[in-house]
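What follows is a single structure, written as structure tokens, with notes after it.
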Amino acid sequence: MARLTKILAAAGMALAACGGLGLGQGLALGATPAHADAASPPALPSRAPWPLAMPVPARIVLWPAGAPNTPAKRRGEAVQAQDYWLKNIHEPSLTVYPADPRHNSGAAIIVIPGGGHRLLVWTTEGIDVAPRLNQMGVNVFVLQYRLAREPGSPYSIEGDAAADARRAIRTVRANAARLGIDPHRLGVMGFSAGGELVALVADNPEPARTWPLDAIDRFDARPDFQVAIFPGPLGIPGTAAREAPPAFIAAGSLDQCCARPALQLYEQLQGLGVPAELHLYAQADHAFNLGERSSLLSIIHWPDRLADWLADGGWLDGKGGPLQTEAHPRP
């Protein structure tokens, strides 16, 4: 019951306000132009102590007037939550986990849980990831998106779930100043099915939008960097990967589903000159998540490799952009 209470609270189903972020009621943010801070304080080490208590997170509804293609009769339905998962999502949203102001780097990551597009693995691929990234000085937004393969779903992955991910990117960028982040250091991180959404928004073109556009839609929906953790095959290889952002990719070499897409994505980006880093872990299978159930040291420590990559790429100190290669003379 305690675990379910945590999920419900994090999903924002009982949230009344989010004044702690200085957003007023905050559930439907506007589109104030964003500006990056001139300087960012250093982040804590990636293995810094976790906070003793996490505040109740704020929730941002992505489509305050109702998401496109969501039937009107389903907009008021409650999200279903049990154990580790969420289902029946018709109001896409972001749950906000800001970095500690003492070491907020200004960088932000939208975390996209997996679940085969039938459910969201809301704990180990969603809200549990937030404090680990917060340790790095990264602000976190965990996405609830519409599920295309849930029985009776009226949605599609490419049309609706990917639209939710793009809307999330636009919403964070539009409100970056109020959220305390740099709109040019905004990445997406997806696990399994969430990794497919990462590929769709980062490595593929956006389909034509068929709904009335608003002020949020003026912002760019392509992330500044992408993190694909055991990504599924949809969207890989990308059809617009030449303009793709830098990528961190990780999977288990025993993963029958997702080792091959991870390798394919890396090979495509590397061949196009897009900065990419790949970790294929021996003896590891699917859904290793943060390594909380693994006995493999490489899996337990893989988030440290992500922290290294973020630091090397300049995403934690305000210098993010094309990676500078080091030239060494041949022996």
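Residue numbers run from 1 in the order of the sequence given.
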Atom of Ser192, atom of Gly114 and distance for their closest heavy-atom approach: CB-CA, 4.5 Å

Within 6.0 Å of CZ in Arg75, more than 12 heavy atoms from elsewhere: yes

Cluster link Leu290 to Val140, ILVMFWY, side chain under 4.5 Å: yes

ILVMFWY network linking Leu265 to Trp309, side-chain heavy atoms under 4.5 angstrom: no

Donor-acceptor under 3.5 Å (Ser93 side chain, Val61 main chain): no

Closest approach of Ala307 to Leu316 (non-hydrogen atoms, all atoms of both residues): O-CD1, 4.3 Å

Flag side-chain contact, heavy atom, 4.5 Å: Asp128 against Trp122: no

Atom pair CD/CD1 of Glu77 and Ile89 - distance to nearest 0.5 Å: 12.0 Å

Check against side-chain contact (heavy atoms from CB on, under 4.5 Å), Arg185 and Ile181: CA-CA 8 Å; Arg185 288 188 285 143; Ile181 69 163; over 6 Å; no

Check against side chain to side chain donor-acceptor pair (under 3.5 Å), Asp203 and Gln226: CA-CA 9 Å; Asp203 309 311; Gln226 56 179 315; 2.8 Å; yes

Phe248-Val274 co-clustered via ILVMFWY side chain contacts under 4.5 Å: no

CH2 on Trp85 to CG on Leu120, rounded to 0.5 Å: 10.5 Å

Connected via hydrophobic side-chain network under 4.5 Å: Leu269 and Leu197: no

Atom CD of Gln283 with >12 non-hydrogen neighbours under 6.0 angstrom: no

Approximate separation, where rounding is to 0.5 Å, of His301 NE2 and Ser294 OG: 10.5 Å

Sequence-distant partners of Arg209, side chain to side chain donor-acceptor pair (under 3.5 Å), two or more places apart: Asp217

N-O pairing of Glu292 and Arg132 below 4.0 Å: no

side-chain contact (heavy atoms from CB on, under 4.5 Å) evaluation trace for Ile229 with Ile249: CA-CA 6 Å; Ile229 309 302; Ile249 308 162; over 6 Å; no

Side-chain heavy atoms of Val96 within contact of Pro57, under 4.5 Å: no

Partner set under side chain to side chain donor-acceptor pair (under 3.5 Å) for Glu196, not counting sequence neighbours: His117

Minimum heavy-atom distance between Gly137 and Ser105, given as atom pair plus value: O-OG, 2.7 Å

Heavy-atom side-chain proximity of Tyr266 to Glu277 below 4.5 angstrom: no

Hphob cluster co-occupancy, Trp211 + Leu200, side-chain heavy atoms under 4.5 angstrom: yes

Nearest non-hydrogen partners of His286 and Cys257, listed with the distance: CE1-SG, 4.3 Å

Verdict with supporting geometry, Leu86 and Gln80, side-chain contact (heavy atoms from CB on, under 4.5 Å): CA-CA 6 Å; Leu86 300 181; Gln80 298 172 9; over 6 Å; no

Salt bridge (Lys or Arg N to Asp or Glu O under 4.0 Å) assessment of Glu150 paired with Arg74: CA-CA 14 Å; Glu150 187 176 6; Arg74 306 205 68 175; over 6 Å; no

Heavy-atom closest pair, residues Gly115 and Ala193: N-CB, 4.1 Å

Check: Leu143 and Leu62 side chains under 4.5 Å, non-hydrogen atoms: yes

Ring-ring centroid check Trp315 Phe225, cutoff 6.0 Å: yes

Full working for side chain to side chain donor-acceptor pair (under 3.5 Å) between Arg59 and Thr95: CA-CA 5 Å; Arg59 178 171 173 261; Thr95 303; 5.7 Å; no

Test item: Pro205 and Thr239 side chains (from C-beta on) under 4.5 Å apart, heavy atoms: yes

Candidate pair Phe230 and Glu125, rule side-chain contact (heavy atoms from CB on, under 4.5 Å), full reasoning: CA-CA 11 Å; Phe230 44 87; Glu125 296 179 6; 3.8 Å; yes

Phe141 side chain near Leu179 side chain, heavy-atom distance below 4.5 Å: yes

Min side-chain heavy-atom separation Arg149-Ile157 under 4.5 Å: yes

Residues which pass side chain to side chain donor-acceptor pair (under 3.5 Å) with Asp164, listed by chain and number, not counting sequence neighbours: Trp63, Arg146

Backbone N/O of His184 and side chain of Asp182: donor-acceptor pair under 3.5 Å: yes

Value rounded to 0.5 Å, distance of CD1 in Ile109 from CG in Leu186: 9.0 Å

His90 and Tyr155 aromatic ring geometry - parallel, tilted or perpendicular at 30°/60° bounds: tilted

Any donor-acceptor N or O pair under 3.5 Å, side chains Asn204, Glu158: no

From CA spacing to verdict: salt bridge (Lys or Arg N to Asp or Glu O under 4.0 Å), Arg173, Asp224: CA-CA 11 Å; Arg173 280 212 173 106; Asp224 296 302; 3.1 Å; yes

Close side-chain approach of Gln144 to Val79, heavy-atom, < 4.5 Å: yes

Between CG on residue Asp255 and CG on residue Asp285, distance to nearest 0.5 Å: 5.5 Å

Side-chain H-bond candidate by donor/acceptor type, Asn139 with Asn104, under 3.5 Å: yes

Short N-O contact, Asp100 and Arg102, less than 4.0 angstrom: yes

Asp214/Arg167 salt bridge by N-O under 4.0 Å criterion: yes

Pairwise distance CG(Asn134) to OH(Tyr97) - rounded to 0.5 angstrom: 9.5 Å

Which atom of Pro68 lies closest to which atom of Asp160, heavy atoms considered: O-OD1, 4.0 Å

